[in-house]
Chemist: 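One structure is given below, represented as structure tokens, and several questions about it will come after.
Below, each value reflects all heavy atoms present in this structure, side chains not excepted, and no hydrogens, waters or symmetry copies. So that the names make sense, note that chain A is the first sequence line, chain B the second, and so on, each numbered from 1.
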Amino acid sequence: MALRTEELMLNMGPQHPSTHGVLRLVVTLDGENIVDVRPDIGYLHSSVEKMMEYRLYVQNVSLADRGMDYLIAMQNEQVYCYAVERLAGIEVPERGRYLRVIFDELQRLASHLVWLGTWGIDLGATTVFLWCFREREMILDLFEKVTGGRLHHAYFRIGGVYVDPPPGWTDEVKRFLDYFDDRVEEYDKLLTANPIFLARTKGVGVINRREAVAMGASGPVGRASGIATDVRKIEPYEVYDRMRFDVPVFTEGDCFARYRVRLEEMRQSARIVRQALKELPGGECRARVPMTMKAPRGEVYVRTESARGDLGVYLVSDGDDMPYRVKIRAPSFSNLYALSEMMRGWKIADVIAILGSIDIVLSDVDR
Amino acid sequence: MSIGFVEPRPEGLPEPRRSTIAPVAEAVEILDSLPGGGLVLTTVEAALNWGRAASLWPLTFGLACCAIEMMAAFASRFDLDRMGVIPRATPRQADLMIVAGRATLKMAPIVRRLWEQMPEPRYVISMGSCATCGGPFYYDNYSILKGIDQVVPVDVYVPGCPPRPEALIEGILKLQEQIKKEPFLRRQAAAALAARTARPQAARR
């Protein structure tokens with residue numbers, strides 16, 4: 001007579017050291033195998049979209065820092081300012097656009113470093129965490145010298161950027177990039193050929209291209225599954241059309257491919273920053289925009305490539321000095337949909353590896 | 001501030017300042033040369049509090065942006081381990097909760113439950129404006145709890161949005177000072193005595 005077995009429901013989170021924030025996963029298990037995963041979100045819902053309707057266009061910049069994805073504050077400001085500028089027809093000076101690209105890419109580096117460090121610690125590699133945070137502190141120092149803030153900057157303003165970097169700052173960035181290139185090679189050497197790391201990631205959490213498209217996956221998660229798209233290439237904003245960089249695309253769709261996409265993106269970001277520093281023009285960095293600016297009646301949808309994927313803002317104006325409606329299209333939210341597809345059939349021990357590999361930030365998911 | 005390994009230290013600068021407290025070996029040597037100097041008298045409570053203050057184990061519990069700065073405080077440059085602060089992943093082993101970030105109304109009961117799961121004596125640091133009073137999410141907001149002190153008692157508030165890692169370290173040092181002054185054993189004894197005297201009355205009623 002066969003033993004009677006039944007499925008087990010396991011609750012993971014919202015307080016769990018490896019869920020990268022307050023995410024609750026309801027995992028249905030058959031022995032050690034995952035039958036189903038249902039994410040429960042909303043533990044960090046900050047109602048930022050509603051709050052933006054009660055703030056001036058100019059004030060919302062600092063709200064975009066905090067209410068949206070907090071690891072990529074600059075890129076949130078970028079997409080919000082870009083939306084308002086498109087709606088109001090404000091022209092950003094050349095220097096401001098170059099500075100925006102520099103800060104966007106430095107922010108991408110900082111974000112990927114946090115991802116690599118925390119994912120490393122999830123998989124049991126503490127060294128990576130310490131190394132990544134060492135480099136990240138240097139980037140934050142560079143930010144601090146210009147903006148005064150480490151995490152939340154309010155540096156991008158409608159019509160450009162707040163202020164010119166102090167003298168000598170560009171040389172410091174160049175020196176940092178020279179140092180950083182070697183460090184990326186170090187991470188590569190430490191992890192890419194590491195047998196334990198390979199066993200935990202290679203072939204784990206596979207999602208194919210068709211499913212990734214159906215779930216709306218974008219950014220590194222989509223590119224690891226063969227979706228060869230990057231908003232910086234297909235709909236260039238700021239001065240990305242003048243930059244020469246490659247978009248890494250892999251077709252395996254597993255955790256290892258997602259890791260390799262992000263590692264290559266770090267190299268490409270460094271390359272973009274170098275070009276932008278070289279071509280950085282002189283002149284004003286900010287167009288004159290009144291503090292109580294009004295956007296004309298209308299609506300606009302813009303999208304940018306954030307560190308997590310396709311980040312969009314849909315902005316509706318009724319001609320007032322405050323937006324009528326702001327809708328944020330968060331990349332982490334769509335990538336989280338792909339999670340249950342990735343996890344089905346794997347062991348309970350792989351949950352952490354797969355969850356870390358899609359790099360969600362719960363502030364971005366819940367808004 | 002130099003950016004870590006990128007800038008070499010310029011020539012001709014004085015050596016970095018060292019601590020003025022005599023090293024332990026030197027202090028022991030001085031004490032040993034005195035008659036009866038090897039013996040140190042203290043109260044049990046002071047010794048206990050010294051030990052408790054020097055091994056605060058916080059719960060690894062991040063809510064929002066401040067958690068990133070908390071992680072930075074544990075990482076390479078700031079290295080909270082040297083204060084004896086080692087993060088623990090379960091509330092059963094932790095005696096300090098750093099509420100880092102905004103707590104939503106959905107999350108608040110869970111914060112309370114985690115606090116209840118921690119063994120006594122337990123402490124709470126409210127890190128950042130959101131945990132302290134709602135911060136930038138105070139007005140026009142329907143989902144954020146306006147201050148974590150509505151749910152759990154807070155010992156130290158650290159202001160900032162987000163506070164720098166240095167500010168968090170300062171908060172932890174303040175908490176250590178507080179713990180060193182605490183009449184912990186006497187309070188426990190008083191509570192035990194109160195419980196013993198209260199019991200017969202309850203039986204009589």
Chemist: Counting heavy-atom pairs closer than 4.5 Å to chain A, which one of B:T90, B:D79, B:I68, B:L105 comes out on top?
Modeler: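 When all of B:T90, B:D79, B:I68, B:L105 are compared, B:I68 has the most.
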Chemist: Given a strict heavy-atom distance threshold of 4.5 Å, which part of A:L362 is in contact with chain B: side chain, backbone, both, or neither?
Modeler: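 Nothing of A:L362, per the 4.5 Å heavy-atom cut-off to chain B.
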Chemist: Just so I understand: if I count every heavy-atom pair under 4.5 Å between each of B:V111, B:I110, B:T60 and chain A, which residue has the most?
Modeler: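 Max contact count across the listed options: B:I110.
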Chemist: Just so I understand: if I count every heavy-atom pair under 4.5 Å between each of B:A67, B:S76, B:A75 and chain A, which residue has the most?
Modeler: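 The candidate making the most pairs under 4.5 Å is B:S76.
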Chemist: Given that the side chain runs from C-beta out, which part of A:D40 has a heavy atom under 4.5 Å from chain B: side chain, backbone, both or neither?
Modeler: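 The side chain, not the backbone.
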Chemist: Atom CZ of B:R52 and atom CG of B:L96: how far apart are they, to the nearest 0.5 Å?
Modeler: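 The CG atom of B:L96 is 12.0 Å from CZ of B:R52, to the nearest 0.5 Å.
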Chemist: Mark yes when over 12 heavy atoms from residues, nucleotides or ligands other than A:K50 sit less than 6.0 Å from its NZ; otherwise mark no.
Modeler: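 At most 12 heavy atoms, drawn from other residues, nucleotides or ligands, come within 6.0 Å of this atom.
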Chemist: Is atom CZ of B:F184 surrounded by more than 12 heavy atoms (other residues, nucleotides or ligands) closer than 6.0 Å?
Modeler: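 More than 12 heavy atoms, drawn from other residues, nucleotides or ligands, come within 6.0 Å of this atom.
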Chemist: Just say parallel, tilted or perpendicular for the rings of A:F103 and A:Y155, cut-offs at 30° and 60°.
Modeler: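 Judged by the thresholds at 30° and 60°, the geometry between A:F103 and A:Y155 is tilted.
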Chemist: Roughly how far, to the nearest 0.5 Å, is the OH atom of B:Y138 from the NZ atom of B:K146?
Modeler: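 Rounded to the nearest 0.5 Å, the NZ-OH separation comes to 7.5 Å.
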Chemist: Counting heavy-atom pairs closer than 4.5 Å to chain B, which one of A:L44, A:L130, A:V22 comes out on top?
Modeler: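 The residue among A:L44, A:L130, A:V22 with the greatest pair count is A:L44.
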Chemist: I'd like to know whether CZ of B:R113 has more than 12 heavy-atom contacts from other residues, nucleotides or ligands below 6.0 angstrom.
Modeler: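 No, not enclosed.
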Chemist: Between A:R150 and chain B, with a heavy-atom cut-off of 4.5 Å, which part of the residue counts as in contact: side chain, backbone, both or neither?
Modeler: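 Answer is side chain: those atoms of A:R150 sit under 4.5 Å from chain B.
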Chemist: Would you please test A:R262 and A:D359 for side-chain contact (heavy atoms from CB on, under 4.5 Å) and show each step?
Modeler: CA-CA 10 Å; A:R262 292 207 180 87; A:D359 187 20; 3.3 Å; yes
Chemist: Taking every heavy-atom pair that is under 4.5 Å apart, which of A:S46, A:P14, A:S363 has the most such pairs with chain B?
Modeler: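 Top count of heavy-atom pairs under 4.5 Å with chain B: A:S46.
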Chemist: Under 4.5 Å, counting heavy-atom pairs only, tell me which of A:Q15, A:E53, A:H152, A:R136 racks up the most with chain B.
Modeler: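 Top option by heavy-atom pairs under 4.5 Å: A:Q15.
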Chemist: In terms of heavy-atom contacts, does CZ of A:R38 have more than 12 from other residues, nucleotides or ligands at under 6.0 Å?
Modeler: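 Check fails, neighbour count at 12 or below.
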Chemist: For B:D140, check salt bridge (Lys or Arg N to Asp or Glu O under 4.0 Å) against everything at least two apart and list the hits.
Modeler: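 Checked B:D140 against salt bridge (Lys or Arg N to Asp or Glu O under 4.0 Å); matches are A:R55.
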Chemist: Counting heavy-atom pairs under 4.5 Å with chain A, which one of B:A64, B:P136, B:A108 comes out on top?
Modeler: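 The residue among B:A64, B:P136, B:A108 with the greatest pair count is B:A64.
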Chemist: Taking side chain as everything from C-beta outward and backbone as N, CA, C, O, which of these in B:Y139 sits under 4.5 Å from a heavy atom of chain A? Side chain, backbone, both or neither.
Modeler: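 Its backbone and side chain both get close to chain A.
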Chemist: Before you tell me yes or no, could you show the steps for B:S143 and B:T104 under side-chain hydrogen bond (donor to acceptor under 3.5 Å, both in side chains), namely the whole-Å CA-CA distance, both residues' side-chain angles and the distance that decides it to 0.1 Å?
Modeler: CA-CA 6 Å; B:S143 61; B:T104 52; over 6 Å; no
Chemist: So what's closer than 4.5 Å to chain B heavy atoms on A:T118: side chain, backbone, both or neither?
Modeler: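 The answer is the side chain of A:T118.
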Chemist: Out of B:L59, B:I144, B:N141, return the one with the most heavy atom pairs under 4.5 angstrom to chain A.
Modeler: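 Counting heavy-atom pairs under 4.5 Å, the top option is B:N141.
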Chemist: Which region of A:V361, side chain (C-beta onward) or backbone (N, CA, C, O), has a non-hydrogen atom less than 4.5 Å from a non-hydrogen atom of chain B, or is it both or neither?
Modeler: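 The answer is neither part of A:V361.
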Chemist: In terms of heavy-atom pairs under 4.5 Å with chain A, which of B:A89, B:P87, B:C130, B:G101 leads?
Modeler: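 Ranked by heavy-atom pairs under 4.5 Å with chain A, first place is B:A89.
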